Each structure stands twice: as C-alpha cells, then as structure tokens.
Amino acid sequence: MVTQVLTAMDTHLANGSVCGGGAVNGPSGSSSSSACSLLGASMGPGPSVQSSEDSKTNLIVNYLPQTMTQEEMRSLFGSIGEIESCKLIRDKITGQSLGYGFVNYVDPKDAEKAISTLNGLRLQTKTIKVSYARPSSASIRDANLYVSGLPKNMSQKELEQLFSQYGRIITSRILVDQVTGVSRGVGFIRFDKRIEAEEAIKGLNGQKPPGAAEPVTVKFANNPSQKTSQALLAQLYQSPIRRYPGPLHHQAQRFRLDNLLNMAYGVKRFSPLTIDSVTSLAGVTIPGHTGTGWCIFVYNLSPEADEGILWQMFGPFGAVTNVKVIRDFATNKCKGFGFVTMTNYDEAAMAIASLNGYRLGDRVLQVSFKTNKNHKA
DNA sequence: TTGGATT
C-alpha cells in the first residue's frame, strides 16, 4: 500500500539517513566499502533478519548518487519488475537527495531479484546497497550512535564486536582521513532498536575498549539534516545579496568594499594557480592550506562565543565552508579560540587582513592562517 | 595562544 510506504518514508525522514549520503569512496576504499559489504552480509535476505511478518516487497536503497532523481530510480528498479511505489528521500528544506530511498514491488520475487541483481551496483562514485526495508516503527528510531575516541587501529569488525553485545547492529562505519586513509577514531553504529543503543551508551561511554589507551565517547548521533542547514547558512552568507547584511552594518563600516579590495591587493602574494602548484609539491606546506580550503585560526574569543559569530564575521568575505568554536568538554564554554575554513585564498587573506586586531566586545582578536606547530614529522 | 572530527 502507498500508505505503508509513506509511513516508512516519514520514519526515515525523521530518523535521518540509514547510511545515505555516505561516501563509498576514499583512497583505500577499505573502510567505507567494507561498510557496505559487511552490511550486505548482515542485512542480506535471510531468516536471521527477515522475520515472517516483515514486508517481502519493500526495499531500502542506500548510497544513491547525489544527482539521481526519483524518476531515474524508478527506471532502474522498474527494469526488474512492476513497482508499486518508489520514493527518493529528500531534505525537507533544500530538496536535496539524502542518498537513499524506498522501492516497493508488487511481487516479492521481484524484490528478491532486485536485491540479487542491483545490490552492489556501481553508479558514478557510489556503490548502491539494496536490502529489505525494516518495517516502520517507533522502536527503531533514534538508534544511531556516534562514537569518538576510538583507537586508530580499531577495525570496523572490532568496532562491531565491541558493540554487538548490546544488540543487533544494522550499520557500522569508521571514518577515515580522505587523503591518508587512516582512521579518524570516529565512527557510527546503528542498532536495530533504540533501547539497544541506550544500553550501549550506558555500557561503553567513557569506557576503554579492551587494550585501548583512551576511553571512547558514545552518544546519539546528530541528525544529518543539521549539516544541510549549515550548508544552507553558508550559501546565504556567500550569496551577493547577503554579503553585507543588515545586522553587520557596524562591520560594514569597517569593511567597505573599496577597502577590502585595497587590502586584498595589498596582501596578495600568490595567484591561486601558484598556490595550487606549490602545494602539490611533496613536503611543502602552506600555512592554513588544507585539502578542502584555507584554515584560519581565530584567537581570543570569549567563553560565550559561538559558531554564529564566526559565520557573521567571516561570511561577508566570501565562501566559508566550515566554522568551529573549540569548547571545554566539561563546561561547553569556548576555550578562547576557533577555526574557520574558507575556500578561496584571496577571500581568506582578505578576512585575515581585516579581522586580525578586530575588537569583538572587549577583546582584540588575533586572526591568522592556522599553523601546524604540534605537527609530528 | 592552533581542534575534533556527525556518514
């Protein structure tokens, strides 16, 4: 029934993506792709996961390419057999695909055939996952955990072993550095049931895994839609109409466009082309330069500083992709500094030239490209 | 007075 699918859809919408939007790439490919194959193994069709009352026609499709439309999805899955309904899940606000969807077949045999023929299919940079959708229910909502402080050498299998004592794991993942492929010590565990996730937090949060030097942090994962909201915010601040927005009029006085341009030319030392060619040389590092942009260190923020103030201060200078206020774990107050990542060198340099020495409240900010002083050779 | 990591 259509209603049944819609109910399932709503649940997943509220719940966030099961593993939607997950990059199935990375240099090693091992961690993320094994996420899928492991999942395939534990989620595949079979009596252990498909109880008799579950739907045998309704499938969940994960890791869809960002650009894939519902129509393309219908076309692909319709090639297997007659589809009762097909739904691509999109962000409520932006309409962007969340990278997963549902296909409900008329005939259970076609659902089975879709799993056997389309699961693992490579589409663009993604390897899609096709499996039976669990029935929608409140008990499976909010069962996703975020885990940090993992030993860098812990494998996904070991992560699952650690958590499996608390319940059935639906998905697991360890995030890896995009360049080196090394674990970031951060991962996700989705349990079948929320109560299992709660028990895992009670049992594992703040505990040291066997053989580990540091305790892990286990908490409920954020709703992925937050990231979309942040991206929206970034877009707002990057759009010309918002470049000098009303609330910033006091800063606009200081950062008038002609001044900005003068400063930009005053501090400009490299063309983007030069930067790119320099940073591509092995062993050469440019302060602030990261794979994703230019990282800026902001010092002397007040304990009350939040991300919003960083967006407000840096957004007018150009494309800001990320801001971060560093907070004390216990008090949640700002530790006095933060980071801002900007896409373009010129805009970052302009922001630094303009904001270094800027008085925010009763504090004088120090703003510079982030250095790597504690970097180990 | 240069982090933590949110698929």
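Values below: every heavy atom of this structure, side chains too, minus hydrogens, waters and symmetry copies. Everything numeric here is computed off the predicted structure, so don't read it as measured data. Throughout, a chain's letter reflects where its sequence line sits, starting with A, and its residues are numbered from 1.
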Find the distance A:Asn322:CG to B:dT6:C1' and express it as a whole number of Å. 11 Å
Does a nitrogen or oxygen in the side chain of A:Arg190 sit under 4.0 Å from OP1 or OP2 of B:dT7? no
With heavy-atom distances below 4.5 Å as the criterion, would you say the side chains of A:Val367 and A:Phe314 are in contact? yes
Gap between atoms CG and C1', on A:Asn222 and B:dG4 respectively (whole Å): 13 Å
Under the ring-ring contact (aromatic ring centres under 6.0 Å, His included) test, residues paired with A:Phe77 that sit two or more places apart: none
Figure out the CD1/C1' separation between A:Ile326 and B:dT2, and round it to whole Å. 9 Å
Stacking between A:Phe337 and B:dG3, defined as ring centres under 5.5 angstrom apart with planes under 30°, is that present or not? no
Could you tell me how far apart A:Asp328 (CG) and B:dG4 (P) are, to the nearest whole angstrom? 10 Å
I want to verify a distance call: between B:dG4, B:dT2, B:dA5, whose nearest atom is closest to the A:Phe297 side chain? B:dT2
In this structure, how many angstroms lie between the C1' atom of B:dG4 and the CD atom of A:Glu307, rounded? 12 Å
Any idea which of B:dT6, B:dG3, B:dT7 is nearest the A:Arg173 side chain? B:dT7
State which of B:dG3, B:dT2, B:dT7 makes the closest approach to the side chain of A:Phe188. B:dT7
Out of B:dT1, B:dG3, B:dT7, minimum distance to the side chain of A:Gln366 belongs to B:dT1
Report the residue (A:Tyr299 or A:Arg327) whose heavy-atom-nearest nucleotide on DNA chain B is the more 5′ of the two. A:Tyr299
Locate the shortest heavy-atom distance separating A:Gln207 from A:Pro209; write the atom from each residue and the value. O-CD, 3.5 Å
Integer-rounded Å distance: B:dG4 P and A:Tyr146 OH: 10 Å
What residues, two or more places apart in sequence or in another chain, satisfy salt bridge (charged side-chain N to carboxylate O under 4.0 Å, His left out) together with A:Lys333? A:Glu304
d(NZ, A:Lys370; P, B:dT1) in whole Å: 15 Å
Below 4.0 angstrom from OP1 or OP2 of B:dT7, is there any side-chain N or O of A:Tyr100? no
Rounding to a whole Å, what distance do you find between A:Arg184:CZ and B:dT7:P? 9 Å
Measure from the ring center of A:Tyr63 to the ring center of A:Tyr100 and say whether it is less than 6.0 Å. no
